[in-house]
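Protein chains get the first letters and strands the later ones, always in sequence-line order, with residue 1 at the start of each.
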Amino acid sequence: MNLSERISQAVFTCFPEAEASDIVIAEPPSLDLGDVAVPLFTLAKKRRTAPHALAQELVEAFVPNDYIMSAAAAGPYINFKLNRDRVGAETVAAVLDTGAHWGGGNTGAGKKVLIEHTSINPNASPHVGRGRCAMIGDSLARLLQLEGYDVEVHYYVNDMGRQIGLLVLIADEIEHLSFDQILNAYVEANQRAEADPQFAEQGYALLARIESGDPKIRDKFHAVTDLCLEGQLAVLERLGVSYDVFDRESQYVNDPRLERIENALLDAGALFTDDDGRRVVDLSKLGYQADEGRYFVLRRANGSSMYGCRDLVYSLDKHEQGAELNLMVLGEDHKLYAQQLALMLEAADISAPEVVYYSYILLKDGKMSTRQGKVVLLADFLDQAAALARERVSEQFPEMPAEEHAAIAEQVAVSAIRFAVLRVKSTKNVTFDMEAALSFQGDTGPYIQYSCARIRSILRKNQNAIPDTPGDDFRVQTDTEWALLLKLAAFPSVIADAAAHRICSPVANFALELARTFTTFYHECPVLGAEDAATTDMRLLLCRATLQTLGNALHILGIETPERM
RNA sequence: GCCCCGAUAGUUCAGUGGAUAGAACGAGCGCCUCCUAAGCGCUAGACAUAGGUUCGAUUCCUAUUCGGGGCGCCA
């Protein structure tokens, strides 16, 4: 039985007709009032009494037990005081026993989840805006893993389409196209296509040839996109983001399975050929309400397929893999498109993927613009951050080998960017502040890592053996220790909530709060210099449990916990 | 024009249908013979506007304003 169940139990015993959903477990404004609070407004209404009267009634009927020591009425609230030694010891034991699994609710046991994210156009080194998708997707994957899901991460390689065709044309003119040149080549190709219709035509012609199965052209497309993908993945790898499966858009062109969807659309009377010879879907036949976005073109007049065809087959392909959960992370600019796809898929009785959307990252002086060079490239940020961090570490630990300086600096750099991006709710536009992200001070990833390093330092300096688990002499002596224990105990519910809502920012904010709570403890409660050995042991256990919890939370965020920094 | 998202201190972000809305940065003052000062303490500062639902709204609903995104042959 966990804490909230025990509290509910206490309320039930004197109010049997209450339902679990009526009981809200809250935090009192101060630990002086109690450890856990229950507001009684809803229950009082049910019983047709005043909340404060009900509070009195419950207090009088309350019988203390091993876990809940007392109940006190405070107006419309009832505040419980817990047996801190008992609850604290159980919390620490739970953390240390479950270790890397601590916090996971196992709701995903035996279930497979397929998650697609990043899938950026192969045209340039990724900037932080693109990185938001990768970091959110990667952390979501890690979060679901902790919940016990069997997670498979997919990356959809957009290796087709007009712009890749143009890029292939340009690549033919350059001797050895490198990753660094790709963006320029891409911009140039688009400019030329605009100015020179013939050039643009050549691009479409290439598409037609790849669609007709020309292996030479296909190889050319692959060569260009591979070069790009390789460069992009190298940056993403620095961030700790990895993928299990790469699905090429080109492998879904001319896929016979499209027929199944087209037939369903025909049956629904939604698919037709318009006056110009395009194959168009009228989504209003599938329940689409608005006038805008009502028509969706599947094929150009010349018969070549549009991206939608490939996406439909790709969705079908993922659907056929039979995962319990099919997730994808998309920018909010894809919202309408994803809805349109979902309607078409559902018409063919195919369940559409569940989509997690994220909003754009803005800069202080406005939107990012690749063409205006107004972007923060992930690689540039990491380089700058790592250089700064390296200076810091080498000053602080001059005796440390240079490779270790570099390794720690890289971990700090990754933590700075991942935390800055992940702590913000994904539906909000973030304004990326380069200066703040490079300062490593305050509400940052490095601050949390620093707390971990302090814990590691204490554990390293400790000479004596620490018990593996709390014993009978586990005493919670101060509010500071207790506040830390309460924070630790809250971790599983943070994870459960985050996983259920497919959102990682609460995990980031929890980690920050826990680090702050620990820092207070660090300043107020000496561990190695405690009054007696039992207190030292207790605090060492608390340190270990905190490190484990911070480590688990940071692992979800893709942030390492350095031994020193 | 229509649709979707957002709006909390000077700034960047948390948070909640209920007790006193939290941090950080920036500003000011203080703290390293003390487990790492990437730290800590103190001071000043906010729920866009107007209605509504509710015992109670910053939180839910509606409108307005502002910002972001989108609206048939780009992916």
Side-chain angles (χ1 to χ4, degrees), chain A residues 24 26-30 33 37 39-42 44-45 50-51 74-77 79 119-121 156 158 160-164 190 249 274 276-283 289-302 304 306-308 310-311 331-337 339-340 357 359-360 362 364 367 389 392-393 396-397 412 420 423-425 427-433 435-437 439-444 446-447 449-451 453-462 505-506 508-509 512-513 516 519-520 522-530 539 543 564-565:
Chain A
V24 179
E27 237 173 273
S30 141
L33 291 169
L40 299 168
F41 303 95
T42 316
K45 201 168 194 176
Y77 296 87
N79 293 319
S119 305
I120 40 187
N121 282 335
Y156 187 61
N158 296 282
M160 281 198 62
R162 196 184 86 102
Q163 78 279 51
I164 307 300
N190 280 290
E249 184 179 354
D274 75 359
D276 297 315
R278 301 174 282 225
R279 292 294 274 171
V280 181
V281 181
D282 179 358
L283 295 165
Q289 302 279 333
D291 217 34
E292 299 78 20
R294 172 180 166 186
Y295 295 106
F296 190 92
V297 177
L298 282 183
R299 278 180 197 282
R300 300 181 180 92
N302 71 2
S304 65
M306 298 266 301
Y307 54 90
R310 274 95 71 182
D311 270 329
E332 63 176 341
D333 51 328
H334 285 71
K335 237 175 198 175
L336 176 61
Y337 175 61
Q339 282 166 22
Q340 293 171 325
Y357 295 101
S359 298
Y360 285 9
L362 310 176
K364 280 200 152 171
K367 302 173 209 177
R392 279 296 269 292
V393 195
Q396 195 142 352
F397 306 102
V412 170
R423 68 176 298 214
V424 184
K425 215 189 302 169
T427 48
K428 284 182 51 157
N429 288 115
V430 202
T431 304
F432 186 73
D433 185 342
E435 226 178 296
S439 80
F440 310 149
Q441 278 178 26
D443 291 356
T444 63
Y447 171 84
Q449 289 178 307
Y450 188 66
S451 312
R454 283 174 147 176
I455 298 175
R456 294 213 133 107
S457 172
I458 292 173
L459 296 176
R460 218 170 31 238
K461 288 191 170 147
N462 172 54
S505 55
N509 287 298
L512 182 61
E513 283 164 25
R516 274 203 291 256
T519 303
T520 303
Y522 179 86
H523 284 282
E524 291 180 8
C525 304
V527 178
L528 301 177
R539 291 180 178 168
C543 282
R564 295 164 215 264
M565 68 179 274

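Counting non-hydrogen atoms under 4.0 angstrom, Gln339(A) reaches nothing in the nucleic acid. The residue Tyr360(A) sits close only to the backbone: its heavy atoms come under 4.0 Å of sugar-phosphate atoms, none of a base. Using a 4.0 Å heavy-atom cutoff across all strands shown, Ser457(A) reaches at least one base atom of the nucleic acid. Nucleic acid contact for Met306(A): sugar-phosphate only, since backbone atoms but no base atoms lie under 4.0 Å from a heavy atom of the residue. Among the protein residues, Tyr447(A) comes within range of the sugar-phosphate backbone only, with heavy atoms under 4.0 Å from sugar or phosphate atoms but none that close to a base. Within the 4.0 angstrom heavy-atom criterion, no nucleotide atom of any strand lies near Gly529(A). Pro29(A) comes within contact range of at least one nucleobase, with a heavy-atom separation under 4.0 Å. Residue Arg162(A) is classed as a sugar-phosphate contact, given heavy-atom separations below 4.0 Å to backbone atoms only. Residue Ala26(A) is out of contact with every strand shown, counting any heavy-atom pair closer than 4.0 Å. Using a 4.0 Å heavy-atom distance criterion, Glu332(A) is classed as a base contact. Among the protein residues, Val430(A) comes within range of the sugar-phosphate backbone only, with heavy atoms under 4.0 Å from sugar or phosphate atoms but none that close to a base. Across all strands, Asp282(A) comes closer than 4.0 Å to no nucleic acid atom at all (heavy-atom distances). Tyr522(A) comes within contact range of at least one nucleobase, with a heavy-atom separation under 4.0 Å. At a threshold of 4.0 angstrom between heavy atoms, the contacts of Ala436(A) with the nucleic acid are absent.
For Val424(A), counting side-chain heavy atoms from C-beta on, the closest listed nucleotide (C2(B), C35(B), C13(B)) is C13(B). Candidate nucleotides U8(B), G67(B), A19(B) were compared by shortest atom distance to the side chain of Lys428(A), and U8(B) ranks first. Of the candidates U11(B), C73(B), G68(B), G68(B) carries the atom nearest the Leu362(A) side chain, counting heavy atoms from C-beta on. Residue Ile458(A) places its side chain closer to C35(B) than to any other of C74(B), C35(B), G68(B). The listed nucleotides are C74(B), U36(B), G69(B); the one nearest the side chain of Lys367(A) is G69(B). Checked against A19(B), C13(B), A75(B), the side chain of Tyr77(A) finds its nearest nucleotide in A19(B). Out of C2(B), C55(B), G70(B), the shortest distance to the side chain of Leu336(A) is found at G70(B). Of the candidates G39(B), A7(B), A19(B), A19(B) carries the atom nearest the Leu33(A) side chain, counting heavy atoms from C-beta on.
Rounded to the nearest Å, the gap between the C1' atom of C47(B) and that of U58(B) is 4 Å.
Nearest-nucleotide positions on RNA chain B place Pro506(A) closer to the 5' end than the other of Ala74(A) and Pro506(A).
In this structure a side-chain-to-backbone donor-acceptor pair under 3.5 Å is present from Asn158(A) to Ser119(A).
Aromatic ring pairs are classed by plane angle as parallel below 30°, tilted from 30° to 60° and perpendicular above 60°; the pair Tyr337(A) and Phe296(A) is parallel.
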